[in-house]
S.K.: 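I have a structure here, written as structure tokens, and I will follow up with some questions on it.
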Amino acid sequence: MPQFLVDGGPVIWAISALSIITLAIILWKTWGLARAGAWRKGHARDAVAAYERGERAMAEQILAQGGGPRSTVVRAAVTGRATKPDALAREDTLRVARNELAEAATGLRALELIATIAPLLGLLGTVLGMIAAFQALQDSGARADPGQLAGGIWEALLTTAAGMAVAIPASAALTWFEAVIDRMRRDIEDAVTRIFVARPPEEAADLTRAAE
């Protein structure tokens, strides 16, 4: 058993548990976003371009091959515009987009909580350790050993260092995940806007044939 776990007391155990949870959340979110296609936007981009050319069937075929939040929302927009009035199609697309982005953001609140409470737990452990050290110094009276006080102080400071060591990567990971999801949101907004401002597929196809 590492000595710092013994020296840090109960608080260091709580911080150690938070460190394990933090690592698990980071790995889980990275795997989940990669599996959902958070960094793949080729299918959605190609489908939007096909739809703008009036090739709705091609767009639907491209979307059927790709997954991820972008493709899911674009598929809802293409299908909705073909089967519903634009107002209802926009509302349904917005609902799908909100659900997809909320699913992508699952777990971020936990990282935010850990980044907040880990330093506070470390500070709590330090304060408790300092109280214990000065109580021991008071009990020693005239036989007080400065070395004993110094040892108690550095042991108490272990929890502050441990709390910061957990909070820093948790905060960095949270910022990174939020940036990834924000990029997904911008891509979805751009794709959906292009779908709804594009000419209807039949009209776009006619214009393409006329141009040829």
S.K.: If you compare all heavy atoms of Leu63 against all heavy atoms of Ala44, which two are closest, and at what distance to 0.1 Å?
M.R.: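 Here Leu63 and Ala44 meet closest at CD2-CA, 4.4 Å.
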S.K.: Could you work out, with ring pair (Phe, Tyr, Trp, His ring centres under 6.0 Å) as the rule, every residue matching Trp28, not counting sequence neighbours?
M.R.: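 With neighbours one apart ignored, the set is empty.
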S.K.: Looking at side-chain heavy atoms only, is the closest gap between Glu60 and Val78 below 4.5 Å?
M.R.: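 Counting from C-beta outward, Glu60 and Val78 do come under 4.5 Å.
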S.K.: Give me the atom names and distance for the closest heavy-atom approach of Ala191 to Val48.
M.R.: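 Scanning both residues completely, I find the closest heavy atoms to be CB-CG2, 3.8 Å.
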S.K.: For the hydrophobic clusters of this structure (ILVMFWY residues joined by side-chain heavy atoms under 4.5 Å, transitively), does one cluster hold both Ile188 and Leu94?
M.R.: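 Per the 4.5 Å side-chain linkage, Ile188 and Leu94 are not co-clustered.
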S.K.: For a side-chain contact (heavy atoms from CB on, under 4.5 Å) check, start with the C-alpha distance between Thr93 and Val74, then their side-chain angles and the critical distance, and finish with the verdict.
M.R.: CA-CA 8 Å; Thr93 302; Val74 171; over 6 Å; no
S.K.: Which residue is it: Ile15, Val166, Ile12? I am looking for the one with a side-chain contact (heavy atoms from CB on, under 4.5 Å) to Leu121.
M.R.: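 Checked Ile15, Val166, Ile12 against Leu121; only one passes side-chain contact (heavy atoms from CB on, under 4.5 Å): Ile15.
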S.K.: Examine Arg56 relative to Tyr51 and say whether NZ or CZ is less than 6.0 Å from the centre of the six-membered ring and inside a 45° cone about the ring axis.
M.R.: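 So Arg56 doesn't make the cation-pi contact.
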S.K.: Compare every heavy atom of Ala76 with every heavy atom of Val96, then report the nearest pair and how far apart it is.
M.R.: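 Scanning both residues, the minimum pair turns out to be CG2-CB, 3.9 Å.
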S.K.: If I compare all heavy atoms of Ile114 with all of Ala170, which pair ends up nearest, and what's the gap?
M.R.: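 Scanning both residues, the minimum pair turns out to be CG2-CB, 4.2 Å.
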S.K.: The test is salt bridge (Lys or Arg N to Asp or Glu O under 4.0 Å); show your working for Arg183 and Asp187 and say whether it passes.
M.R.: CA-CA 6 Å; Arg183 179 62 183 270; Asp187 290 342; 3.5 Å; yes
S.K.: I need the full list of salt bridge (Lys or Arg N to Asp or Glu O under 4.0 Å) pairs touching residues 20-39, with sequence neighbours left out, sorted by first then second residue.
M.R.: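 Sorted result for residues 20-39: empty, none.
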S.K.: So, for Arg90 and Phe196, which heavy atoms are closest and what is the spacing to 0.1 Å?
M.R.: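 Taking Arg90 first and Phe196 second, the nearest heavy atoms are NH2-CB, 3.3 Å.
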S.K.: Looking at CG of Leu123 and CD1 of Ile117, how far apart are the two atoms once the value is rounded to the nearest 0.5 Å?
M.R.: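 Result: 13.5 Å between the selected atoms.
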S.K.: Nearest 0.5 Å, what's the CG-OG1 distance between Leu18 and Thr22?
M.R.: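 Rounded to the nearest 0.5 Å, the CG-OG1 separation comes to 6.0 Å.
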S.K.: For residues 71-80, which residue pairs pass the side-chain hydrogen bond (donor to acceptor under 3.5 Å, both in side chains) check, not counting sequence neighbours?
M.R.: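 Matches after skipping sequence neighbours: none remain.
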S.K.: Is there any side-chain hydrogen bond (donor to acceptor under 3.5 Å, both in side chains) pair reaching into residues 160-176, and which pairs are they, with sequence neighbours excluded?
M.R.: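 Output for this query lists Thr126-Thr160.
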S.K.: Which other residues belong to the hydrophobic cluster containing Leu23, where Ile, Leu, Val, Met, Phe, Trp and Tyr are joined when side-chain heavy atoms lie under 4.5 Å apart, directly or via other members?
M.R.: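 Besides Leu23, the cluster holds Leu27.
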S.K.: Sort and list the pairs that fulfil ring-ring contact (aromatic ring centres under 6.0 Å, His included) and have at least one residue in residues 62-83, not counting sequence neighbours.
M.R.: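 As it turns out, there is no ring-ring contact (aromatic ring centres under 6.0 Å, His included) pair with a partner in residues 62-83 once direct neighbours are skipped.
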S.K.: For residues 100-112, dump all side-chain donor-acceptor pairs below 3.5 Å to protein atoms at least two apart in sequence or in another chain.
M.R.:
from, atom 1, to, atom 2, distance (Å)
Thr106, OG1, Ala102, O, 3.3
Thr106, OG1, Glu103, O, 3.0

S.K.: With Asp182, which residues qualify under side-chain hydrogen bond (donor to acceptor under 3.5 Å, both in side chains), at least two apart?
M.R.: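 Once residues adjacent in sequence are excluded, the partners of Asp182 under the side-chain hydrogen bond (donor to acceptor under 3.5 Å, both in side chains) criterion are Arg185, Arg186.
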S.K.: Knowing that exactly one of Leu174, Val180, Ile181 qualifies, which makes a side-chain contact (heavy atoms from CB on, under 4.5 Å) with Glu178?
M.R.: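 For Glu178, the side-chain contact (heavy atoms from CB on, under 4.5 Å) check succeeds only for Leu174.
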S.K.: Tell me who clusters with Ile62, hydrophobic residues only, linked when side chains sit under 4.5 Å apart either directly or through other members.
M.R.: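 Under the 4.5 Å side-chain rule, Ile62 groups with Met58.
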S.K.: At their closest point, which heavy atom of Gly125 faces which heavy atom of Thr159, and how far apart are they?
M.R.: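 Reported closest heavy-atom pair: C-OG1, 3.2 Å.
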S.K.: Name all residues meeting the side-chain hydrogen bond (donor to acceptor under 3.5 Å, both in side chains) criterion together with Arg98; count only those two or more places apart in sequence or in a different chain, and write none if there are none.
M.R.: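 By the side-chain hydrogen bond (donor to acceptor under 3.5 Å, both in side chains) rule, Arg98 matches no residue at all.
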S.K.: Output the distance between atom CD (Glu189) and atom CZ (Arg194), rounded to the nearest 0.5 Å.
M.R.: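 Result: 14.0 Å between the selected atoms.
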S.K.: Please identify each residue that fulfils salt bridge (Lys or Arg N to Asp or Glu O under 4.0 Å) with Asp92, with sequence neighbours left out.
M.R.: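 Partners of Asp92 under the salt bridge (Lys or Arg N to Asp or Glu O under 4.0 Å) test: Lys84, Arg95.
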S.K.: To the nearest 0.5 angstrom, please state how far the CD1 atom of Ile26 sits from the CZ atom of Phe177.
M.R.: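 Separation between the atoms: 6.0 Å.
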